[in-house]
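Here the structure comes first, spelled out in structure tokens, and everything after it is commentary.
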Amino acid sequence: MTPAQQTAIAFVEQARLDLSAWTRTIFDFGETAWREYQSTAWYVETLKREGFSVEIGSGGMPTAFCAHWTNSSRGAGPTIGMYAEYDAVPGNCQDAAPVRRPRPGLSEHAGGHTDPHSGLGISSLGALLATKAAMERHGLPGTLRFTGEPAEKVRGSKPIHAAKGYYDGLDGMISFHPFYMLPLCNTVRWDTHCGAAYSMIYRFVCDQPELWMKTASDGAPIPQSHSAPRAPGANDALMTMYMASKALRDSMLPHQGGWSISEAILTAGQATADNLPAGLAEIQYMIRVPTIAMAEQVTAVLDSNAEAAAHMTGCRFERHWVSKSRPGLANHAMARIAWDALETVGAPRWREAGKAVAREIQSSCGVEPMAEPFLDECERLIPPQEAEVILRRDLPPSQINSTSDDYTDMSWHAPTARIYVARPALKGPAGFTYPSWAMNALGGIAETIDPMVVCAAKTVALSALRLIEDGAAREAARAEFVERTGGGIGGERWTAPLCDYEPPIHFRWPEYVTTPRGRDWWIPSPANA
């Protein structure tokens, strides 16, 4: 390690208690996509206190930000990118406790961290501050850019930030995510990066129900009397769309690998107690596929389904984009830089206190507590090339990308490394699956999540400092980026941003609300219902 890297490691060690407390803070906010108000405010305040200039609401997204700090006294230097995610998931409200229970005052239907992005963001923040401290102490020139990325669970902010130029001009982007699937645990992605994803909301509006069926006028003051036929309306349109698109999944997906479609009903039930048709209903789809062409193919069928459903039910439909993100671009030079850093730091290690918590969770789940409760893979490294071989065992040779995450949009604007560090994962009896609350709880309890946060913060910081100090390594990453894109940004093999829409912030996304009953999730908790 260089002296600067040693300084960064020492900084993270000294900041352990702060990083732990900060992780719990974001975990307890549990705010979901596009509504991360407290989390964003916390990051912005912290970054300003640490000397960063911060643009709030970057890219037109109220819960996004872009922060900069430059050690300008030593010259220009390289610009290195890192980022935080902090969105949680509706319906996963779990307390930081070894038993199943929601966070105090909320129902289990509220938001909660699953991956957990609470640990993801604080790991990267710890790395950012450690890198800054090392640059100041050792007089290293350069700029640190740190973006706040809301709504990752719907692949929301990064395609927008990319299209608006927030990743341009970077000499390297370092992406960290907690491990979520084997073999991508304590390793770095090599060739097979995440794929494309499209997400959209279909809105059905029944604003002229009288046109659906002509009836004889009986002089009634209401155009559709209570006994007259009426338009089926928006709810029927939504359900017709829902069932037709289930058939899409059954008919199309089994015939080509690597596809998935998921849906969520956002708004429904706008009818009164009268016999008026429902006037508004919305359904969101997320398409995860290896290629943009496949995403376009599925979208065309969904559009056709929406048009047919609207026509059948006396409605019109609108399609609103939530995300259009590109598949990822590999960079071996960046992967080697990140892997060298991870090898230097080593895999996370769990102390007895963390293992004791894990045993409590095992017991709560009806599993006999184990002396070593965590998966063996959580405490060992796997080289990127070995992980790549395992990852590709079940993929056809023609499939270049697999699984889903929107860091991929960054990879078309700067040489990018994707690091995975183990979050705590439990061993179990053969055939046993732990309930989701157990995984979520492990992400909020200090004794179980802190080893990941510390390991990741050190790894990202060492990677950033390698790029800052080692001009040859930096140039190799840039040269590979130029080669793979056929000339860099705008090159003949470069894929331009797909985002041609405004941030979808105005929809009825789930959020916390304040009423005369107090602060609650939008689905009232039982105590407040």
Side-chain angles (χ1 to χ4, degrees), residues 153-156 159-160 163 195-214 229-271 277-327 398-399 401 404 406 495-504 506-509:
K153 286 298 184 182
V154 293
R155 297 187 72 150
I160 296 170
Y198 279 18
S199 178
M200 69 285 283
I201 293 169
Y202 289 96
R203 171 182 283 172
F204 296 96
V205 185
C206 187
D207 49 11
Q208 291 185 297
E210 69 278 3
L211 301 181
W212 184 72
M213 179 178 286
K214 301 291 187 182
R230 68 177 179 90
N235 285 349
D236 288 79
L238 185 148
M239 293 309 299
T240 301
M241 174 72 174
Y242 178 86
M243 295 308 297
S245 299
K246 288 290 188 184
L248 159 70
R249 181 181 299 171
D250 293 341
S251 299
M252 293 180 66
L253 299 189
H255 301 290
Q256 296 187 49
W259 296 42
S260 72
I261 300 179
S262 55
E263 67 283 309
I265 296 173
L266 297 184
T267 310
Q270 301 298 311
L280 172 68
E282 295 171 343
I283 186 168
Q284 177 194 1
Y285 286 92
M286 171 65 83
I287 308 163
R288 296 176 175 88
V289 290
T291 68
I292 295 171
M294 295 166 79
E296 293 284 349
Q297 181 182 2
V298 178
T299 299
V301 178
L302 288 175
D303 283 352
S304 178
N305 289 349
E307 182 178 12
H311 183 72
M312 293 168 64
T313 55
C315 296
R316 60 182 174 86
F317 84 93
E318 304 166 356
R319 185 190 64 200
H320 300 270
W321 287 109
V322 176
S323 175
K324 293 167 73 175
S325 64
R326 295 163 282 183
S398 61
Q399 184 174 332
N401 298 90
S404 178
D406 63 355
T495 300
L498 304 175
C499 175
D500 54 2
Y501 50 88
E502 292 302 310
H506 302 297
F507 287 91
R508 191 184 176 190
W509 301 107

Less than 4.5 Å apart, side chain to side chain, heavy atoms only: is that true for Glu296 and Thr291? no
Ile160 versus Tyr501: any side-chain heavy-atom pair under 4.5 Å? yes
For the CG atom of Leu238 and the CD atom of Glu263, what is their distance to the nearest 0.5 Å? 10.0 Å
So Gln208 and Arg316, side-chain contact (heavy atoms from CB on, under 4.5 Å) or not? Walk me through it. CA-CA 9 Å; Gln208 291 185 297; Arg316 60 182 174 86; over 6 Å; no
Heavy-atom pair with the smallest gap, counting every atom of Ile292 and Arg326: CD1-CG, 4.4 Å
Do any N or O atoms from the side chain of Ser323 and from the backbone of Tyr198 form a donor-acceptor pair under 3.5 angstrom? no
For residues Ile287 and Ala295, report the shortest heavy-atom separation together with the two atoms involved. CD1-O, 4.4 Å
Euclidean distance, Met243 CE relative to Asn305 CG, rounded to 0.5 Å: 11.5 Å
Least distance between heavy atoms, Met241 atom then Ala306 atom: SD-N, 3.3 Å
Hey, are the side chains of Val322 and Trp509 touching, using non-hydrogen atoms and a 4.5 Å cut-off? yes
Return the CZ to CD distance between Phe204 and Glu318, rounded to the nearest 0.5 Å. 10.5 Å
Is the shortest side-chain heavy-atom distance between Ser262 and Met286 below 4.5 Å? yes
Any heavy-atom pair between the side chains of Tyr285 and Leu302 that's under 4.5 Å? yes
From NE2 (His506) to NE2 (His320), nearest 0.5 Å: 11.5 Å
Do the non-hydrogen side-chain atoms of Pro232 and Met312 ever get within less than 4.5 Å of each other? no
If we only count heavy atoms from C-beta on, is the Pro159 to Leu498 side-chain gap below 4.5 Å? no
Apply side chain to side chain donor-acceptor pair (under 3.5 Å) to Arg319 and list each qualifying residue two or more places apart in sequence or on a separate chain. Asp303
Looking at every non-hydrogen atom in both residues, tell me the closest pair between Gly279 and Ala234 and how far apart they are. C-CB, 3.7 Å
Could you measure the distance from the OG1 atom of Thr240 to the NE2 atom of His311? Nearest 0.5 Å is fine. 12.5 Å
Scanning both residues in full, the closest heavy-atom pair of Ala237 with Ala309 reads O-CB, 3.5 Å
